[in-house]
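Here's the structure we're looking at; comments come further down.
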There are 2 protein chains.
Amino acid sequence: MATIEDVAKKVGVSVTTVSRALNNHPYVSEKTQKLIFEAMETMNYTPNRIAQQLRGKQTKLIGVIISRVTNPFFSYLVDAIEQVAYRNGYQVVVLQTLEDKNREINFLQMLQAKQIDGLIMTNAENSYKTLKRYIDLSKVVICNRYTANDEMPIIKIDEHLATHEAVTYLLTKGYTNIAYLTGGSIQDTDFRLQGFISAHQSFGVSYNEELFFPNILTIEDGKNWTKTICSFPKKPDAVFANGDLVAAGVIGQSYDENIKIPDELAVLGFDDQPIASLVYPKLTTIRQPIQEMGEYAAEILFSKLLGTRAPKQIDLKTSLIIREST
Amino acid sequence: MATIEDVAKKVGVSVTTVSRALNNHPYVSEKTQKLIFEAMETMNYTPNRIAQQLRGKQTKLIGVIISRVTNPFFSYLVDAIEQVAYRNGYQVVVLQTLEDKNREINFLQMLQAKQIDGLIMTNAENSYKTLKRYIDLSKVVICNRYTANDEMPIIKIDEHLATHEAVTYLLTKGYTNIAYLTGGSIQDTDFRLQGFISAHQSFGVSYNEELFFPNILTIEDGKNWTKTICSFPKKPDAVFANGDLVAAGVIGQSYDENIKIPDELAVLGFDDQPIASLVYPKLTTIRQPIQEMGEYAAEILFSKLLGTRAPKQIDLKTSLIIREST
DNA sequence: CTGAAAGCGCTTACAG
DNA sequence: CTGAAAGCGCTTACAG
């Protein structure tokens with residue numbers, strides 16, 4: 001590949017001048033400028049970004065740590081982030097943890113090694129204590145429900161409130177034996193669980209701890225859970241699923257098991273992904289503004305990286321979308 | 001951030017020696033090695049990848065050009081590619097064209113500018129003639145149904161055969177007025193369309209050109225199409241949708257419009273995405289080995305980049321998954 | 001308006 | 001086993 005020096009030699013000027021022409025520096029005569037551009041064209045020259053980066057110390061790349069891109073929640077998030085990034089002249093590197101702690105550490109090191117300029121984390125496999133030494137607060141934004149620490153900028157919805165309202169709606173409809181399905185397993189930072197419990201308390205109904213099911217996060221997990229409850233002596237009459245994918249799995253399997261929805265089992269999802277209105281019966285769910293979350297996270301990251309003004313940080317609004325499954 | 005020079009000074013050795021220690025070069029005394037690693041640890045030193053890249057001329061990054069990551073077909077493809085890449089020490093940059101020609105050119109330039117080492121294209125917005133000057137055959141792999149040119153390595157399924165078989169199945173079941181829905185608009189390189197037509201010919205049924213509908217590629221498009229046909233004097237009795245998303249949209253809207261599936265309208269999809277078995281009635285579809293496609297594409301790219309042996313290039317197998325919608 | 005030279009942070013051939 | 005020096009391909013302060 002041609003280098004800046006090749007171009008300079010061909011035109012008979014210095015490397016400095018070629019560089020200036022390239023960067024639209026004012027002090028280059030029109031004539032020289034023209035000659036240089038012609039030479040670059042015929043030589044099919046493209047400046048080497050890596051060399052530019054070593055000087056400028058920017059890669060124009062940001063990373064997004066997600067658990068897995070096949071989950072629509074994350075693909076929509078990546079989509080929104082990519083679009084803001086592109087507008088700012090950046091590209092997005094997709095970093096999938098696949099629930100692997102080492103992968104996560106690896107990704108954080110990419111930031112330290114300056115392979116990427118900034119990072120959006122939507123997820124945390126390691127404890128904050130472990131992560132802390134790798135995280136440069138001026139280059140990292142947290143997006144989604146990881147609640148590591150108050151120091152960090154975080155874009156999120158009000159998990160507690162959203163769940164409290166939705167569960168109150170279920171209780172009002174007369175469901176009293178509601179299962180709680182979550183992808184995680186840690187209970188004390190689960191604000192959705194807190195909202196779930198507080199709704200029960202406000203309503204004067206006791207919350208049954210045996211109906212807490214951790215580590216359920218895929219369609220398949222939702223299906224399997226549904227099979228499991230068939231053998232329960234006293235089945236739940238409703239289920240709150242953390243994520244529409246799980247909820248869709250529950251609905252799909254219920255059809256095969258001949259469980260009537262919502263009569264025998266009401267199903268409440270979270271996210272409002274496109275799948276929610278395609279399953280039968282259609283899924284009642286809590287709508288998260290995924291696109292806005294991604295955009296905000298990206299805007300805030302770029303305001304840090306580029307030193308521009310940051311948008312105000314707020315908890316984004318959710319809404320309960322009532323369809324047929326409750 | 002600490003540099004290699006800082007570490008060298010601290011330990012009292014040359015930069016060369018530190019670099020050797022870093023790269024596990026054999027000729028470093030154990031004592032020195034140990035001292036150096038300790039210093040790196042306490043200084044929290046991470047080698048600057050950009051500098052390494054400028055020397056080594058590698059970024060350890062590959063790009064994947066897709067139309068949009070929110071389409072599960074592409075998110076599964078990216079997922080598979082990412083995993084192979086990670087095993088080879090590479091990361092994946094997601095490059096969304098969003099059907100924009102300029103974006104595509106931009107991405108190709110990233111390769112020329114050596115911002116990425118290689119590229120997988122699943123999609124082409126510009127003509128091959130335009131693309132040609134940007135494409136370095138030793139660093140690009142085509143994956144999916146873009147059929148630019150014989151020079152390029154291409155991973156694909158046998159689109160013609162897959163469609164021929166599936167449509168023959170529909171014809172055998174007695175459907176004779178089958179609509180064809182496609183996301184694209186170019187007919188002469190559409191091998192699926194050719195298979196669609198050839199199945200009609202083999203069966204001695206004429207193919208009705210009025211039932212060709214281009215530019216239909218999202219759930220929403222599928223819904224809208226379904227609304228449209230309600231006003232047709234003679235409705236199609238079956239529909240072949242290019243993609244399960246479109247098919248799911250058709251099924252969802254049919255429910256709202258009270259069109260009975262499959263009695264009044266049979267629906268055949270393409271892909272076998274998870275959504276296929278969650279809609280009601282469950283979707284009959286052509287299963288594509290998306291994961292394999294992604295893995296093969298990545299393996300072949302890395303065999304080029306790393307000079308290792310390439311896996312044999314074959315057309316991957318599809319299969320018809322019969323469920324309830326036909 | 002133009003150029004010589006230093007420097008970004010590494011790696012590696014060469015010499016010891 | 002170790003180090004001085006060149007070089008990767010750019011940008012930019014300095015001098016003209």
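Throughout, protein chains are lettered first and strands after them, A, B, ... in sequence-line order, and every chain is numbered starting at 1.
Computed from coordinates, the Gln53(B) CD to dC8(C) P distance equals 18 Å when rounded to whole Å. A straight line from CG of Asn48(B) to P of dC10(C) spans 5 Å, rounded to a whole angstrom. The distance from atom CD1 of Ile36(A) to atom P of dC10(D) is 13 Å, rounded to the nearest whole Å. Taking atom CD1 of Ile50(A) as the reference point, atom C1' of dG7(D) lies 17 Å away to the nearest angstrom. Rounded to whole Å, the distance from CE on Met40(A) to P on dG9(D) is 17 Å. The distance between atom CG of Leu54(B) and atom C1' of dT11(D), rounded to the nearest whole Å, is 13 Å. Note: NZ (Lys114(B)) to P (dG9(D)) measures 7 Å, nearest angstrom. Atom NZ of Lys60(A) and atom P of dC10(D) are 17 Å apart (whole Å).
The listed nucleotides are dG3(D), dA5(C), dC10(C); the one nearest the side chain of Thr16(B) is dG3(D). Candidate nucleotides dC10(D), dT2(C), dT11(C) were compared by shortest atom distance to the side chain of Ile4(A), and dC10(D) ranks first.
If you take atom P in dT2(C) and the same atom in dA6(C), they sit 23 Å apart, rounded to whole Å.
Here Val13(B) lies in heavy-atom contact (under 4.0 Å) with sugar-phosphate atoms only. If you check every strand for non-hydrogen atoms under 4.0 Å, Ser19(A) touches a base.
Considering only side-chain N and O atoms, Thr17(B) lies under 4.0 angstrom from the phosphate OP1 or OP2 of dG3(D). Close to dT11(D), at under 4.0 Å from its OP1 or OP2, lies a side-chain N or O of Gln52(A). Applying the 4.0 Å criterion to OP1 and OP2 of dC10(C), one finds that Tyr45(B) has a side-chain N or O inside that range.
Under the 3.5 Å distance criterion, the side-chain polar atoms of Gln91(B) are left unmatched by any main-chain donor or acceptor of Val93(A). Within the 3.5 Å criterion, the main-chain N or O of Thr3(B) finds a donor-acceptor partner in the side chain of Asp6(B).
Heavy atoms from other residues, nucleotides or ligands lying under 6.0 Å from CD of Gln109(A) number more than 12. More than 12 heavy atoms of other residues, nucleotides or ligands sit less than 6.0 Å from atom OH of Tyr90(A).
Between Asp117(A) and Lys139(A) there is no salt bridge, since no side-chain N of the basic residue sits under 4.0 Å from a carboxylate O of the acidic one.
The partner of dA4(C) cannot be assigned: no Watson-Crick or G-U wobble pair with both contacts below 3.5 Å exists in any strand.
For dG3(D), the base has a donor-acceptor partner in the side chain of Arg20(B) [N/O atoms by modelled type, under 3.5 angstrom].
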